Each structure stands twice: as C-alpha cells, then as structure tokens.
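Because the structure is a prediction, the values reported are computed rather than measured.
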Amino acid sequence: MKKWLFYILLTCGALLLGSVTNINPAQASNAGLTIVANPDTTAVFNSGHQPTPIYSEPTLTKRTGLALQTEIGTWPIVRVAKSGRVIKALDLGNNQWVDPAYSRKVVMGSGDYLEVLTAGAYNPIYRDCLGVNRAGSLDTDHYHEWRINKIAYDGNTGAIAGVDLGNNQWLLAKTKGQYLIPKILYFQAGTLMFTRTNQAKGQLSATLPYKVFGATIVGYQGVSVKLGTENQWVVYQLGSTSPF
C-alpha cells in the first residue's frame with residue numbers, strides 16, 4: 001500500500017512540475033496586457049520622420065537597438081496591446097513594437113511663434129524631438145534668443161513637444177527655463193513700459209493685440225518682450241495669446 005502511495009505522489013508531483021515549467025514565457029511577460037489585431041485597419045502610427053525606438057515585446061522594456069526609418073512618416077498598425085481600454089503599445093509587424101506616446105506631427109516653420117527665449121542654465125538639445133538621442137547643450141552663456149525652424153506636436157494631445165533650432169537640433173518643450181515667444185500678444189492699457197536697461201518709459205495707452213519684435217531678460221522684470229522701439233519693453237507674463 002505504501003509503495004502504491006509513493007508512485008501516486010511521484011506521478012502527481014511530476015504533473016505539477018510539468019504545469020509550472022510549461023508556462024509560455026511570452027504570456028508571463030505580457031501579463032496584464034491584451035494583444036489583439038488592430039480593429040481600425042485605416043489607423044496608422046505617425047512617427048513624424050523621427051528615429052522612433054523599436055521594442056521586441058509589448059511591455060516596452062526591451063529595445064531591439066533599432067529605430068524606424070526616418071524616410072517614412074506613417075506606419076500601418078498590425079496589432080495593439082491594451083490594458084483595459086488604454087492602448088499601451090503598437091505592433092508595426094513582426095513583433096516590432098513602438099510606444100504610442102512617441103507619435104509626432106512635425107511642421108516646417110515657426111507657426112505662431114517668433115522665437116524661443118532660454119532663461120535657464122541647463123538646456124539640453126537632441127537629434128530628435130523624442131528626446132532619445134542627446135546632441136549636447138545650448139550655449140546659453142552667450143545666446144538667449146533662438147530661431148525656430150520646425151515645430152513638433154504630440155500626435156496624441158496636439159501639444160507642442162519640441163522645436164527644432166536648425167539642423168535637427170531639438171529643444172524639448174518640457175525643458176525648464178525656456179519660453180516660446182508668440183508673434184502677437186494682447187496687453188492691457190496701463191501696462192508699464194521700460195527700456196532694456198529697466199528705465200521706466202510710461203504705460204500702454206490701449207488694450208490691444210501687439211506685434212512682438214523680440215525678447216530678453218530685463219533685470220528684476222524677468223522675461224520681457226519688445227513691442228516696438230527700445231523704449232517699449234513690457235513684462236512677458238502680463239501678456240495673453242487671446243483677448244482679455
């Protein structure tokens with residue numbers, strides 16, 4: 001009887017061991033994600049011609065070391081990985097997964113903006129608008145105003161993700177101490193004016209949209225914009241992009 005009991009326990013142990021060792025590693029690593037065929041066959045991933053990193057699995061923890069070709073801007077989506085209703089990753093085919101947060105729309109020109117003013121000491125620049133490939137830092141010891149060559153928008157939210165200062169030198173929008181200076185700003189009557197050296201020069205006479213001609217940092221006034229002559233500087237933060 002004891003001999004038979006030993007064989008039964010041994011067999012059950014082998015079955016239990018087999019059930020553990022036969023777990024599909026892919027299923028274990030993708031725990032919590034549901035992978036389905038793309039329900040919208042017309043949907044594409046917009047890379048904005050950026051070197052978007054490619055991952056080998058939908059949890060986006062293992063990069064392949066490769067990136068999407070920058071010659072192509074839109075990519076068909078084969079599968080999606082979801083957590084509940086939230087899409088976490090996109091398969092562009094053959095388990096080439098990308099992060100949907102890297103969707104970008106890049107537009108030539110400066111749009112509604114005159115320039116970028118950098119007021120912070122630390123301003124890293126990148127070779128892409130994703131912030132993946134670091135290219136160095138801006139020389140803010142000698143320069144503060146920068147021309148905008150291209151603007152990158154977040155493909156999901158429409159918010160500005162970064163600006164290209166020329167030759168794919170991208171300054172990310174999340175960098176602290178930088179200001180996108182609009183070409184037009186509204187200011188209220190009575191706003192104080194001053195010179196670049198912070199000498200008082202009266203007040204604005206009317207509440208109007210004013211054309212902006214430049215930006216700088218004026219003493220304790222902080223970031224300031226020029227509305228005409230050198231006697232017409234006003235505090236940037238007092239302006240608005242829409243009517244009061």
Side-chain angles (χ1 to χ4, degrees), residues 46 48 50 101 103-126 128-131 137-244:
N46 293 295
Q50 299 300 300
S103 176
R104 293 291 184 270
K105 178 183 178 182
V106 178
V107 178
M108 292 294 298
S110 62
D112 295 329
Y113 298 94
L114 176 69
E115 62 187 20
V116 178
L117 180 76
T118 52
Y122 180 67
N123 292 277
I125 52 175
Y126 299 84
D128 56 78
C129 62
L130 308 174
S137 299
L138 293 178
D139 179 10
T140 52
D141 291 335
H142 300 92
Y143 306 99
H144 293 285
E145 294 179 84
W146 310 87
R147 195 177 106 189
I148 299 172
N149 186 49
K150 290 181 284 190
I151 299 178
Y153 296 90
D154 187 306
N156 301 296
T157 66
I160 292 178
V163 291
D164 174 25
L165 308 181
N167 299 316
N168 276 325
Q169 299 179 89
W170 288 93
L171 181 64
L172 301 186
K174 65 182 181 181
T175 303
K176 294 182 179 180
Q178 63 160 303
Y179 300 85
L180 284 173
I181 306 299
K183 295 176 180 177
I184 301 291
L185 279 172
Y186 287 82
F187 286 93
Q188 291 181 314
T191 300
L192 297 178
M193 295 186 294
F194 43 86
T195 68
R196 189 186 288 264
T197 57
N198 202 19
Q199 295 178 328
K201 288 295 179 180
Q203 304 175 354
L204 293 179
S205 59
T207 299
L208 293 170
Y210 289 86
K211 185 176 180 179
V212 177
F213 292 91
T216 190
I217 302 169
V218 179
Y220 67 83
Q221 305 284 8
V223 177
S224 304
V225 293
K226 184 168 71 171
L227 305 183
T229 70
E230 285 296 327
N231 293 329
Q232 295 174 309
W233 290 87
V234 295
V235 175
Y236 165 71
Q237 298 288 2
L238 298 178
S240 171
T241 55
S242 56
F244 291 100

Inset, instruction - If a pair satisfies salt bridge (Lys or Arg N to Asp or Glu O under 4.0 Å) and one of its residues is in residues 226-244, list it, with sequence neighbours excluded. - result: R196-E230, K226-E230
Legend entry - D139 CG: over 12 foreign heavy atoms closer than 6.0 Å: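 Count over threshold, so yes.
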Inset, instruction - Please indicate whether F244 has more than 12 foreign heavy atoms, meaning atoms of other residues, nucleotides or ligands, lying under 6.0 Å from its CZ. - result: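 Yes - once you tally the heavy atoms of other residues, nucleotides and ligands closer than 6.0 Å, there are more than 12.
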Inset, instruction - Could you go through the side chain to side chain contact (heavy atoms under 4.5 Å, CB included) check for R104 and D154 one step at a time? - result: CA-CA 5 Å; R104 293 291 184 270; D154 187 306; 4.0 Å; yes
Heavy atoms only: give me the nearest [X]-[Y] pair and the separation to one decimal.
{"X": "A189", "Y": "T207", "result": "N-OG1, 2.9 Å"}
{"X": "I181", "Y": "V225", "result": "CG2-CG1, 4.0 Å"}
{"X": "Y236", "Y": "P182", "result": "CE1-CD, 4.0 Å"}
{"X": "E115", "Y": "A215", "result": "OE2-N, 3.2 Å"}
{"X": "G109", "Y": "I148", "result": "O-CG2, 4.1 Å"}

Rounded to the nearest 0.5 Å, what separates atom [atom1] in [X] from atom [atom2] in [Y]?
{"X": "W233", "Y": "F213", "atom1": "CH2", "atom2": "CZ", "answer": "11.5 Å"}
{"X": "I160", "Y": "K174", "atom1": "CD1", "atom2": "NZ", "answer": "15.5 Å"}
{"X": "Q221", "Y": "L238", "atom1": "CD", "atom2": "CG", "answer": "8.5 Å"}
{"X": "T191", "Y": "Q232", "atom1": "OG1", "atom2": "CD", "answer": "12.5 Å"}
{"X": "Y113", "Y": "T241", "atom1": "OH", "atom2": "OG1", "answer": "7.0 Å"}

Legend entry - Check against side chain to side chain contact (heavy atoms under 4.5 Å, CB included), Y210 and L204: CA-CA 10 Å; Y210 289 86; L204 293 179; 4.0 Å; yes
Heavy-atom side-chain proximity of [X] to [Y] below 4.5 angstrom:
{"X": "I184", "Y": "D112", "answer": "no"}
{"X": "D128", "Y": "N168", "answer": "no"}
{"X": "F187", "Y": "M193", "answer": "no"}
{"X": "K201", "Y": "T195", "answer": "yes"}
{"X": "L171", "Y": "W146", "answer": "no"}
{"X": "Y186", "Y": "P209", "answer": "yes"}
{"X": "L180", "Y": "I151", "answer": "no"}
{"X": "C129", "Y": "D164", "answer": "no"}

Inset, instruction - Start with the C-alpha distance between V106 and W170, add both sets of side-chain angles, then the distance that settles side chain to side chain contact (heavy atoms under 4.5 Å, CB included), and finish with yes or no. - result: CA-CA 12 Å; V106 178; W170 288 93; 4.0 Å; yes
With a 3.5 Å distance limit and no angle check, can you tell me whether [X] reaches the backbone of [Y] through a side-chain donor-acceptor pair?
{"X": "Q169", "Y": "I125", "answer": "no"}
{"X": "Q50", "Y": "G48", "answer": "yes"}
{"X": "Q178", "Y": "L172", "answer": "yes"}
{"X": "S205", "Y": "Q203", "answer": "no"}

Inset, instruction - Begin with the C-alpha distance, continue with both residues' side-chain angles, and end with the deciding distance and a verdict on side chain to side chain contact (heavy atoms under 4.5 Å, CB included) for F194 and V235. - result: CA-CA 9 Å; F194 43 86; V235 175; 4.0 Å; yes
Inset, instruction - With sequence neighbours excluded, tell me which residues meet side chain to side chain contact (heavy atoms under 4.5 Å, CB included) with L114. - result: K183, V212
